[in-house]
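Here's the structure, in structure tokens; my notes come after.
Scope of the values below: all heavy atoms of this structure, side chains included, with no hydrogens, waters or symmetry mates. Fair warning: this is a prediction, and the values are worked out from it, not measured in the lab.
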Amino acid sequence: MKAADFAYEKPDSLDAALALLADPDRDASPIAGGQSLVPMMNFRMAMPELLVDLNGLDELRGISADAGGGLRIGAMTRYSALEASDLVTERAPIIAMALPHIAHAAIRNRGTIGGSVSLADPAAEMPALMLVLDAEIEVQSAKAQRRIKADEFFTGLYETALDEGELVTAIHVPAAPSGRRFAFYELARRHGDYAMAGVAIAGTGDALEDPRIAFFSVSDRALRARGAEAALAAGDVEGAIAALDEIDFAGDLNADAKTKRHLAGVVLKRALGRL
């Protein structure tokens, strides 16, 4: 398959990129690493009239520590840079745990955290990690900048809270409380494939206080399992697994919804075993 015809612009500033994306007369789409968007264009699942290439915008790259012990990660930061970052390993270790499961090295050399968050693929790892980390998504338009809590950002199948003309510019990860523990587990047919089911977990101390559980590749979006979190907070692991019935499971090419329900329980139990 070949992509439909499109125009291409590579702006040299964020302001110029935002102006292109704000043009109401052009169906513009930003392109970051292109590891998902280009295949979607080739299958004609996406047919933007204009591609706005963000790869020349240095202001969207980089990982920095904030004064409160958290992280700011520029949207165009590639997975390979996250893998090489001691700051990420120290302050957001669950990202370091998940990165080796994201496709293969060649893809991690191009794929970006902002691209993954913006696309909101229900099978991708990053949206679930943002939920567990209680991250905030920094977005900017030609007129304003704002932050959106990850809990409010992923709204449906490839749908987010981004308004027309807005671009994800950075991810803010708050400092983890002392004693915060993390675990990640996914089941895939082959290493590097999209997961059939996956989960990320955080909890504090031996009692796993304030647990956060986020699944991916089981429904139409990455999502919190709040009933399971409540059961886990009470120390009831079997209750947490039973509470997964609250999720609206969705099948895909790999498994039907019933199988997804079963796999969700499997990955949750295995992830808890890693805490």
Side-chain angles (χ1 to χ4, degrees), residues 1-4 6-11 17 21 27-58 60-63 73-85 88 92 94-131 135 137 139 150 153-154 156-160 162 166-171 184 186 188-196 198 200 216-217 220-222 252-254:
M1 296 286 290
K2 291 175 61 178
F6 59 88
Y8 172 84
E9 298 274 2
K10 189 174 183 180
L21 294 170
D27 175 21
S29 175
I31 183 167
Q35 299 305 287
S36 297
L37 179 58
V38 170
M40 292 175 73
M41 290 174 64
N42 286 339
F43 282 107
R44 309 227 171 173
M45 297 169 63
M47 293 187 287
E49 296 174 5
L50 169 65
L51 278 185
V52 180
D53 190 343
L54 306 179
N55 282 278
L57 306 182
D58 289 339
L60 295 184
R61 276 189 273 273
I63 304 164
I73 305 173
M76 284 295 293
T77 302
R78 303 193 192 281
Y79 293 138
S80 55
L82 294 170
E83 283 185 291
S85 170
V88 170
I94 197 168
I95 293 180
M97 292 176 193
L99 283 165
H101 298 273
I102 298 176
H104 303 285
I107 290 174
R108 295 197 294 273
N109 282 337
R110 293 294 303 170
T112 67
I113 188 170
S116 179
V117 168
S118 300
L119 185 63
D121 187 327
E125 291 85 353
M126 280 298 159
L129 300 182
M130 298 302 102
L131 293 171
I137 317 302
V139 306
F153 188 79
F154 306 104
L157 183 65
Y158 296 104
E159 294 180 351
T160 70
L162 281 171
E166 283 187 324
L167 180 71
V168 173
T169 50
I171 308 296
F184 175 88
E186 71 174 42
R189 291 184 182 277
R190 298 176 302 177
H191 181 79
D193 283 0
Y194 279 121
M196 297 176 69
F216 57 97
S217 206
D220 67 345
R221 73 197 79 172
D252 57 23
L253 292 175
N254 290 313

Between atom [atom1] of [X] and atom [atom2] of [Y], what is the distance when rounded to the nearest 0.5 Å?
X	Y	atom1	atom2	value
Ser217	Asn254	OG	CG	7.0 Å
Ile107	Arg78	CD1	CZ	13.5 Å
Gln35	Tyr79	CD	OH	9.0 Å
Leu99	Phe184	CG	CZ	9.0 Å

Quick one: does [X]'s side chain get under 4.5 Å of [Y]'s, heavy atoms only?
X	Y	value
Ile113	Met130	yes
Met126	Ile102	yes
Asp121	Tyr194	yes
Val168	Leu162	yes
Ile171	Ile137	yes
Ser80	Asn109	yes
Asn55	Arg110	yes
Leu37	Leu51	yes

Kindly give the heavy-atom pair with the smallest separation between [X] and [Y], and that separation in Å.
X	Y	value
Ala150	Leu131	O-CD2, 3.4 Å
Val88	Ala96	CG1-N, 4.3 Å
Tyr8	Leu50	N-CD1, 3.8 Å
Ala120	Phe154	CB-CD2, 3.9 Å
Ser36	Pro39	O-CD, 3.2 Å
Ala195	Ala188	CA-CB, 4.1 Å

Looking at [Y], is its backbone amide N or carbonyl O close enough to the side chain of [X] to form a donor-acceptor pair, meaning the two atoms are under 3.5 Å apart?
X	Y	value
Thr77	Gly62	yes
Arg61	Gly74	no
Arg108	Glu83	no

Trace of the side chain to side chain contact (heavy atoms under 4.5 Å, CB included) decision for Leu60 with Thr112: CA-CA 11 Å; Leu60 295 184; Thr112 67; over 6 Å; no
Pair Ser29-Phe6, side chain to side chain contact (heavy atoms under 4.5 Å, CB included): steps then yes or no: CA-CA 10 Å; Ser29 175; Phe6 59 88; over 6 Å; no
Whether His101 and His191 hold their rings parallel, tilted or perpendicular, with breakpoints at 30° and 60°: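 Tilted: the ring planes of His101 and His191 meet at 30° to 60°.
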